[in-house]
Amino acid sequence: VRVLPSGAGGGAPRGLGASRRARPRAGRRPLGVAPPPALGAARAPFAVPDRAGEPADLVVPPAAPPGRLALFARPTRRALVLGSAQRDADADAAACAAAGIALVRRRSGGGAVLVGPAEQVWLDVFVPADDPLFVADVSRAAWWLGDLWAAALARVGLPGARVHRGPIAPGPYGRAACFAGLGPGEVTVGGRKVVGVSQRRTPRGALFQTAALLDWRPDEYVSLLARPAGDPGALAASAAGLGPGTEKGLKAAILSRLAN
């Protein structure tokens with residue numbers, strides 16, 4: 001992980017088809033359509049440690065463990081976290097320094113995310129490549145994780161959460177700010193994004209970096225991004241904060257789901 005200096009300038013091909021179509025036998029799933037993975041399928045439960053620290057340390061992916069891992073990360077200070085494909089110049093380093101906000105970069109893709117104490121529920125999840133939860137198709141790989149978040153939201157009194165299962169829809173701000181766009185596995189409530197998901201693949205497995213938004217501050221994104229594009233009003237309407245009072249309940253609901 002590279003911590004950006006305060007004064008620096010400023011998100012498969014299918015198998016070959018048969019020559020003739022064959023009718024699927026009764027009780028069988030059509031070819032190419034896999035059942036959704038189940039959390040408890042043929043594996044031990046997730047290890048779920050809790051880690052607090054500097055954002056620059058928390059964005060470092062954990063060493064690939066031998067099994068499933070879910071890690072709650074609690075930043076002790078505020079930071080603007082750039083996605084792996086973003087440029088240093090996408091952030092206004094001088095504005096971040098003036099606001100006392102660290103500028104760091106994660107290794108997974110997507111747009112920038114503001115993190116800080118009690119501003120999000122940050123959950124990193126690793127699944128090994130041989131795990132039933134590992135899905136080779138990156139456009140479907142995070143669906144199960146979105147379903148987990150949606151169930152947790154229902155447990156804290158926020159029913160009606162929807163998991164995005166379509167293509168990436170960045171919108172006018174989405175390539176700059178994570179919560180302004182929508183990707184597969186991410187979660188909305190009332191049409192506004194509340195859970196963001198990014199992923200990184202290695203030969204050992206898949207790392208998902210996810211966050212449920214507790215406090216949405218669109219004006220800060222406008223001031224901290226070097227060249228934001230689009231209507232600031234559209235940015236404000238793209239996401240919603242769940243409120244700091246939901247943090248404890250969300251964590252408990254996630255822990256309950258991961259244990260099953």
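Quick note: residue numbers are just sequence positions, from 1. This one's a predicted model, so the numbers in the text were calculated from it and none came from an experiment.
- By the criterion of side-chain heavy atoms lying less than 4.5 angstrom apart, applied directly or through intervening Ile, Leu, Val, Met, Phe, Trp or Tyr residues, Val104 is grouped together with Leu224 in one hydrophobic cluster.
- Between Arg175 and Asp90, none of the side-chain N atoms (NZ, or NE/NH1/NH2) sits under 4.0 Å from a carboxylate O, so this pair counts as no salt bridge.
- With hydrogens and angles ignored, the 3.5 Å screen pairs a side-chain donor or acceptor of Trp216 with a backbone N or O of Ala236.
- Considering only heavy atoms from C-beta on, Trp149 comes within 4.5 Å of Val121 through its side chain.
- Side-chain contact between Arg78 and Leu114: present, with at least one pair of heavy atoms (C-beta onward) separated by less than 4.5 Å.
- Hydrophobic clustering of Ile, Leu, Val, Met, Phe, Trp and Tyr side chains at less than 4.5 Å, counting indirect connections, unites Leu225 with Leu235.
- Using a distance-only test at 3.5 Å, with no hydrogens or angles considered, no donor-acceptor pair links the side chain of Arg140 to the main chain of Val135.
- In this structure, Ile168 and Pro184 approach most closely via the heavy-atom pair CG1-CD, 3.9 Å.
- Outside the 6.0 Å centre-distance limit, the rings of Phe134 and Trp144 are not counted as a close aromatic pair.
- Here the straight-line distance linking atom CD1 of Ile101 with atom CG of Asp92 works out to 11.0 Å at 0.5 Å rounding.
- Closest of all the heavy-atom pairs between Gly53 and Leu58 is O-CD1, 3.6 Å.
- Contact detail for Ala226 and Ala89: the closest heavy-atom pair is CB-O, 3.0 Å.
- No path of Ile, Leu, Val, Met, Phe, Trp and Tyr side chains, each step under 4.5 Å between heavy atoms, connects Phe179 with Leu182, placing them in separate hydrophobic clusters.
- Between Glu247 and Arg74, no side-chain nitrogen of the basic residue sits less than 4.0 Å from a carboxylate oxygen of the acidic one, so the salt-bridge criterion is not met.
- By the 6.0 Å contact criterion, CZ on Arg162 is open, its count of non-hydrogen atoms from other residues, nucleotides or ligands being 12 or less.
- For the pair Lys251 (side chain) and Phe72 (backbone), a donor-acceptor distance under 3.5 Å is absent.
- The CG atom of Leu258 sits 5.0 Å away from the CG atom of Leu148 when rounded to the nearest 0.5 Å.
- In this structure the side chain of Phe126 never reaches within 4.5 angstrom of the side chain of Asp131, judged on heavy atoms.
- Here the closest heavy-atom approach between residue Thr76 and residue Glu54 is recorded as OG1-N, 3.8 Å.
- With 3.5 Å as the limit, one finds a donor-acceptor pair spanning the side chains of Ser108 and Gln209.
- The heavy-atom pair separating Val60 from Ala56 by the smallest distance is CG2-O, 3.6 Å.
- A 4.5 Å side-chain heavy-atom check between Arg105 and Asp88 finds at least one atom pair inside the cut-off.
- Arg51 has no carboxylate O lying under 4.0 Å from a charged side-chain N of Asp57, or vice versa, which leaves the two without a salt bridge.
- For the pair Leu133 and Arg68, the minimum side-chain heavy-atom distance is below 4.5 Å.
- Within the model, atoms CZ of Phe46 and CD1 of Ile254 stand 10.5 Å from one another, a figure rounded to the nearest 0.5 Å.
- The pair Asp147-Arg165 counts as a salt bridge, with a side-chain nitrogen and a carboxylate oxygen less than 4.0 angstrom apart.
- Using a 4.0 Å cut-off between charged nitrogen and carboxylate oxygen, Asp219 and Arg217 do not count as a salt-bridge pair.
- Within the 4.5 Å cutoff, no side-chain heavy atoms of Arg200 are placed close to those of Arg106.
- Interatomic distance, OG1 of Thr246 versus CZ of Arg155, reported as 14.0 Å (0.5 Å rounding).
- Among all heavy-atom pairs drawn from Glu220 and Ser223, the shortest one is O-OG, 2.9 Å.
- Atom OG1 of Thr210 and atom CG of Leu123 lie 4.0 Å apart (nearest 0.5 Å).
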#### Entry: side chain to side chain contact (heavy atoms under 4.5 Å, CB included) between Glu186 and Val195, intermediate numbers included
CA-CA 6 Å; Glu186 296 185 319; Val195 177; 5.8 Å; no
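- Counting only heavy atoms from C-beta outward, the side chains of Leu153 and Val187 approach each other to under 4.5 Å.
- Under the 4.5 Å side-chain heavy-atom criterion for grouping Ile, Leu, Val, Met, Phe, Trp and Tyr, Leu71 is not connected to Phe208 through any hydrophobic cluster.
- The side-chain heavy atoms of Gln120 and Pro75, taken from C-beta on, include a pair separated by under 4.5 Å.
- Each of Val81, Val113, Leu82 was scored for a side-chain contact (heavy atoms from CB on, under 4.5 Å) with Cys178, with one residue passing: Val113.
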#### Entry: Full working for side chain to side chain contact (heavy atoms under 4.5 Å, CB included) between Leu242 and Leu213
CA-CA 6 Å; Leu242 300 170; Leu213 191 60; 5.7 Å; no
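- Linking ILVMFWY side-chain heavy atoms closer than 4.5 Å, directly or via other members, places Trp143 and Leu145 in two distinct hydrophobic clusters.
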